[in-house]
Each structure stands twice: as structure tokens, then as C-alpha cells.
> 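Pasting a structure here, questions to come.
Count residues from 1 along the sequence.
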Amino acid sequence: MSWWDSYRAVYGAELRAAAREYADHGWPLVPGPGAEVMLATGDVLDVIEVPAAIGRQVCRTLREAGEVVPVAATPEGTWWFPMSPRHALPAELSLHTDVVLHTDGIGVVAPPTERPEGWVQWRVAPARVGYRVPGAAVVVEAICDAVSRRGSERALPDEQEARAEQPGTPGALRR
């Protein structure tokens with residue numbers, strides 16, 4: 001058996017074990033187009049996906065509130081959070097194209113799936129929280145907080161740059 005064949009055999013076993021573990025804990029699966037594990041959304045859980053920078057802030061906010069929730073990271077630079085299903089995004093989040101709610105039977109690629117860019121992996125494994133799906137309100141509120149912080153942090157450097165470019169103002173750049 002070649003190295004590649006043994007790698008594929010081990011990877012296939014890991015995928016089957018992960019799929020069995022998800023199913024054993026009530027997390028539904030949908031068939032994927034290839035060698036991947038895909039969680040089904042809509043009945044037991046929905047998934048909300050955000051850029052990694054927002055995901056880190058969400059985790060910080062939840063940790064400060066004493067909440068530990070499952071979190072997955074994708075090689076495409078996004079993090080996703082499973083949460084209770086059938087919760088609409090508030091208006092302030094629905095305006096952000098980088099915040100995506102997966103629901104209504106949409107499959108979400110789950111760890112340990114390999115993508116062309118790398119691996120989907122758990123940042124906080126669901127086993128750590130007993131496969132408890134957090135309430136959507138808790139996760140969505142933390143995401144709203146992270147998005148608003150991100151907006152205010154972005155505004156601040158722009159304001160500082162504008163002041164620095166105005167001659168005669170304190171903090172103006174000397175050229």
C-alpha cells in the first residue's frame with residue numbers, strides 16, 4: 001500500500017468516526033458531494049458563519065459571559081458557530097454580507113473535512129460542551145456586539161488619519 005493510499009484510508013476512517021459521533025449526539029448529517037462531513041441545518045441546529053476576526057471577538061465576549069460554545073474554523077478564513085434553529089438575523093447583521101446564516105437544510109462542512117485550502121477544524125470541540133447546541137440569542141447577541149466593536153475600531157483609525165492630515169491640528173503629520 002502506497003503512502004497516499006494509507007493516508008486516504010486513515011482520513012476516511014476519521015471522517016466516518018466524526019460522522020458517527022455527530023449522529024450519535026443528535027447532530028444530523030446530509031450527504032456531501034465528496035469525502036467530507038456535512039451537518040444538516042434547520043431542525044436541530046443552524047450555523048452562523050463569520051470572518052475569523054469577528055469569530056475571535058465573539059469567543060472573547062462569550063468567554064467573558066461564562067459561555068463556552070462549539071466553534072469551527074475553516075481554511076477560507078471564517079469561523080462558524082452552531083446554534084439553536086429557526087432564529088432570524090437581526091437587521092444590523094443581515095446588512096453584513098460577511099455574516100451568513102445557514103439554515104433550512106443547508107449542509108455545512110464540518111471537521112475534520114479537508115478542503116483544497118486546508119482543514120476545517122474545531123476551535124472548541126462540541127464534545128467539550130457535551131454536544132449542547134447554544135441558544136441562538138446568545139450567539140447572535142455576541143456577534144452583534146463583535147460587529148459593532150469592529151465598526152467602531154475601524155472608524156477610530158480613519159478619524160485619527162483625517163486629523164493627522166489636516167495642517168495645524170494637534171497630531172498633524174509634519175512633512
Side-chain angles (χ1 to χ4, degrees), residues 18-19 21-23 25-33 36-113 115 117-163:
E21 187 173 344
Y22 298 142
H25 289 91
W27 287 26
L29 302 168
V30 294
E36 57 194 23
V37 175
M38 294 190 71
L39 294 174
T41 61
D43 290 329
V44 174
L45 57 86
D46 282 345
V47 168
I48 190 161
E49 189 171 2
V50 298
I54 291 175
R56 282 188 288 278
Q57 181 60 46
V58 169
C59 288
R60 187 175 305 120
T61 299
L62 291 171
R63 198 171 38 248
E64 289 169 0
E67 289 282 339
V68 179
V69 303
V71 182
T74 72
E76 294 87 12
T78 62
W79 287 19
W80 60 254
F81 299 81
M83 61 185 199
S84 61
R86 295 177 287 286
H87 189 281
L89 287 181
E92 66 259 28
L93 287 185
S94 62
L95 298 174
H96 291 273
T97 57
D98 55 357
V99 175
V100 179
L101 177 62
H102 301 282
T103 189
D104 297 329
I106 300 294
V108 177
V109 177
T113 301
R115 309 298 292 167
E117 300 83 7
W119 295 87
V120 179
Q121 58 187 321
W122 288 113
R123 291 295 201 191
V124 177
R128 183 159 182 230
V129 296
Y131 283 83
R132 176 185 61 85
V133 177
V138 171
V139 175
V140 169
E141 183 179 325
I143 292 172
C144 286
D145 180 61
V147 167
S148 68
R149 284 186 191 195
R150 181 175 159 200
S152 65
E153 287 171 0
R154 283 186 173 174
L156 185 59
D158 292 343
E159 291 169 10
Q160 289 172 341
E161 285 178 22
R163 273 196 311 255

> Just verifying a value: how many Å separate D145 CG and R60 CZ, rounded to the nearest 0.5 Å?
10.5 Å
> Verify, without hydrogens or angle tests, whether T74 (side chain) and V120 (backbone) share a donor-acceptor contact under 3.5 angstrom.
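Side chain of T74 to backbone of V120, a donor-acceptor pair under 3.5 Å: no, none is there.
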> Is there a donor-acceptor pair under 3.5 Å between the side chain of R86 and the backbone N or O of G42?
yes
> With rounding to the nearest 0.5 angstrom, report the CG to CD1 distance, L101 to I106.
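With rounding to 0.5 Å, CG (L101) is 10.0 Å from CD1 (I106).
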> Mind listing the closest non-hydrogen atom pair of V30 and G107 along with its distance?
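So the two residues come closest at CG2-CA, 3.7 Å.
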> Quick one: closest heavy-atom pair of P70 and W122, and the distance?
CB-CZ3, 4.0 Å
> Supply the atom-to-atom distance L39 CG to H102 NE2, rounded to the nearest 0.5 angstrom.
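It is 11.0 Å, given to the nearest 0.5 Å.
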> Do P82 and P126 have side-chain heavy atoms sitting under 4.5 Å apart?
no
> E21 and H25: which non-hydrogen atoms are nearest, and at how many Å?
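Heavy atoms of E21 and H25 come nearest at O-ND1, 2.9 Å.
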> Could you give the distance from OH (Y22) to CE (M38), rounded to the nearest 0.5 Å?
12.5 Å
> Heavy-atom count check: over 12 atoms from other residues, nucleotides or ligands less than 6.0 Å from R132 CZ?
yes
> Side-chain contact test, heavy atoms from C-beta onward, threshold under 4.5 Å: evaluate it for E92 versus V147 and give yes or no.
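No, side chains not in contact.
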> Looking only at heavy atoms, which two atoms of V58 and A146 are closest? And how far apart?
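Scanning both residues, the minimum pair turns out to be CG2-CB, 3.8 Å.
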> Output the distance between atom CD (E49) and atom CD1 (I143), rounded to the nearest 0.5 Å.
10.5 Å
> Are the side chains of D46 and I48 in contact, using a 4.5 Å heavy-atom criterion?
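I48 does not reach D46 side chain to side chain.
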> Could you label the plane-to-plane angle of the W27 and Y131 rings as parallel, tilted or perpendicular, counting under 30° as parallel and over 60° as perpendicular?
perpendicular
> To the nearest 0.5 Å, what is the distance between CG (L93) and CD (E141)?
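One gets 11.0 Å once the value is rounded to the nearest 0.5 Å.
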> Testing the basics here: between W80 and P111, what is the closest heavy-atom pair and its distance to 0.1 Å?
CZ2-CD, 4.0 Å
> Using every non-hydrogen atom in the two residues, find where S84 and V133 come nearest and quote the distance to one decimal.
N-CG1, 3.4 Å
